[in-house]
Amino acid sequence: DGGITQSPKYLFRKEGQNVTLSCEQNLNHDAMYWYRQDPGQGLRLIYYSQIVNDFQKGDIAEGYSVSREKKESFPLTVTSAQKNPTAFYLCASSTSTDYEQYFGPGTRLTVT
Amino acid sequence: EDQVTQSPEALRLQEGESSSLNCSYTVSGLRGLFWYRQDPGKGPEFLFTLYSAGEEKEKERLKATLTKKESFLHITAPKPEDSATYLCAVRASGSRLTFGEGTQLTVNP
């Protein structure tokens, strides 16, 4: 079955540590996205990539980094510079024609 | 700057009580308005894309409509399983979407 996978579902880290969230898709989509969702709020765009080896900052990129070495994969690193990293992180992908984004199940990150 | 405002923030209905959710938008050159459903603790599920004023799309008890300034998600005779947060998003250029904060719908049996 085609889809988007994110792992792990829950992640716990100590303050000051970097952590990498995984996102893989087998939909053959060109574009991939990372969003952050806080309780009771909508989705805020962190980074997005329209093609391999290229990516752009979204609205809240500070404290995050990404890479896009393969079409199928778009990992997100939450660095120690991110002041409030505890959140629900969502990965999505889309084609470059209709731009309908399909989402993974999310990773809930808790930093203490 | 693209803006999306959804109302109400929360809506509680009795089973079978039809209603509508609103999505107002401000965007330079709309290239798509998207509706998603999100269950607690899960990723959003794509529902509809609308491209031009007057367009309508339906799926089971849901019907989405679009004008030049807003979109409505009409829910006819809702059931408890329709309870979820409904998100609206717009695309102006490129591939990025701008999301509203959502409407949390609760349907009581």
Side-chain angles (χ1 to χ4, degrees), chain A residues 2-7 9-10 21 23-25 27 29-51 54-61 68 74 87-110, chain B residues 1-11 21-25 27 29-52 55 57 59 64 71 73 84-106:
Chain A
I4 302 174
T5 58
Q6 292 185 244
S7 60
K9 186 173 177 63
Y10 298 97
L21 282 59
C23 178
E24 304 278 334
Q25 56 99 359
L27 299 168
H29 285 171
D30 293 314
M32 297 187 73
Y33 314 80
W34 274 106
Y35 293 91
R36 169 184 174 135
Q37 188 174 36
D38 293 286
Q41 297 190 26
L43 279 60
R44 291 186 290 168
L45 184 64
I46 304 173
Y47 269 98
Y48 63 108
S49 167
Q50 299 185 81
I51 56 172
D54 188 40
F55 48 82
Q56 289 78 42
K57 292 182 179 180
D59 299 320
I60 55 165
R68 186 88 186 276
F74 191 40
F88 188 47
Y89 290 88
L90 288 158
C91 178
S93 69
S94 75
T95 66
S96 298
T97 51
D98 57 30
Y99 296 102
E100 294 169 358
Q101 293 186 14
Y102 293 86
F103 286 82
T107 292
R108 188 166 299 280
L109 173 65
T110 302
Chain B
E1 181 181 335
D2 303 336
Q3 289 191 331
V4 179
T5 303
Q6 292 189 245
S7 61
E9 290 184 13
L11 181 63
L21 282 55
N22 177 264
C23 172
S24 297
Y25 63 89
V27 64
L30 181 72
R31 294 193 177 189
L33 185 140
F34 304 81
W35 281 100
Y36 289 86
R37 168 193 171 124
Q38 186 177 24
D39 292 303
K42 298 190 176 182
E45 173 191 347
F46 171 75
L47 294 174
F48 305 108
T49 309
L50 302 168
Y51 291 102
S52 56
E55 187 175 0
K57 288 192 176 175
K59 180 180 180 179
S71 176
L73 185 65
T85 295
Y86 291 85
L87 297 168
C88 170
V90 297
R91 183 175 83 90
S93 62
S95 64
R96 55 178 297 169
L97 304 183
T98 299
F99 282 83
E101 296 193 351
T103 292
Q104 184 175 357
L105 174 66
T106 303

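Just so it is clear: chains get the letters A, B, ... in the order the sequence lines come, proteins before strands, and each one is counted from 1.
- B:Arg96 places a side-chain heavy atom less than 4.5 Å from the side chain of A:Leu45.
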| field | Pair B:Leu97-B:Phe34, side-chain contact (heavy atoms from CB on, under 4.5 Å): steps then yes or no | value | CA-CA 9 Å; B:Leu97 304 183; B:Phe34 304 81; 3.4 Å; yes

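- At a 4.5 Å heavy-atom cutoff, the contact between A:Gln41 and chain B is made by backbone atoms alone.
- Here B:Gly43 is the residue among B:Gly100, B:Gly43, B:Gly102 with the most heavy-atom pairs under 4.5 Å with chain A.
- Using a 4.5 Å cut-off between heavy atoms, B:Leu87 contacts chain A through its side chain alone, with no backbone atom that close.
- Residue A:Arg108 touches chain B through its side chain alone, counting heavy-atom pairs closer than 4.5 Å.
- Inter-residue side-chain proximity for B:Ser7 and B:Thr103 is flagged as unmet; no heavy-atom pair is nearer than 4.5 Å.
- For the pair B:Leu11/B:Gln104, no side-chain contact is recorded, criterion being any heavy-atom separation below 4.5 Å from C-beta on.
- Ring pair B:Tyr36/B:Phe99 is tilted by interplanar angle, where 30° to 60° counts as tilted.
- Residues from residues 89-99 of chain A that place a non-hydrogen atom less than 4.5 Å from a non-hydrogen atom of chain B comprise A:Leu90, A:Asp98, A:Tyr99, given in numerical order.
- Here B:Gly41 is the residue among B:Gly41, B:Gly32, B:Ala10, B:Ala89 with the most heavy-atom pairs under 4.5 Å with chain A.
- Ring orientation note: the planes of A:Phe103 and A:Tyr35 are tilted relative to one another, at an angle of 30° to 60°.
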| field | A:Gln37 and B:Gln38: CA distance, side-chain angles, deciding distance, side-chain hydrogen bond (donor to acceptor under 3.5 Å, both in side chains) verdict | value | CA-CA 12 Å; A:Gln37 188 174 36; B:Gln38 186 177 24; 2.9 Å; yes

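- With a 4.5 Å cut-off on non-hydrogen atoms, A:Gln56 does not touch chain B at all.
- For the pair B:Arg37 and B:Glu45, the minimum side-chain heavy-atom distance is below 4.5 Å.
- Listed options B:Arg31, B:Arg91, B:Glu101 were ranked by heavy-atom pairs under 4.5 angstrom with chain A; first place goes to B:Arg91.
- In this structure, B:Pro44 and A:Tyr102 have side chains that are not in contact, with every pair of non-hydrogen atoms separated by 4.5 Å or more.
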| Do B:Lys57 and B:Leu50 pass the side-chain contact (heavy atoms from CB on, under 4.5 Å) test, and can you show the C-alpha distance, the side-chain angles, and the key distance before you say yes or no? | CA-CA 8 Å; B:Lys57 288 192 176 175; B:Leu50 302 168; 3.8 Å; yes

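- Contacts between B:Glu9 and chain A at a heavy-atom distance below 4.5 Å are absent for every atom of the residue.
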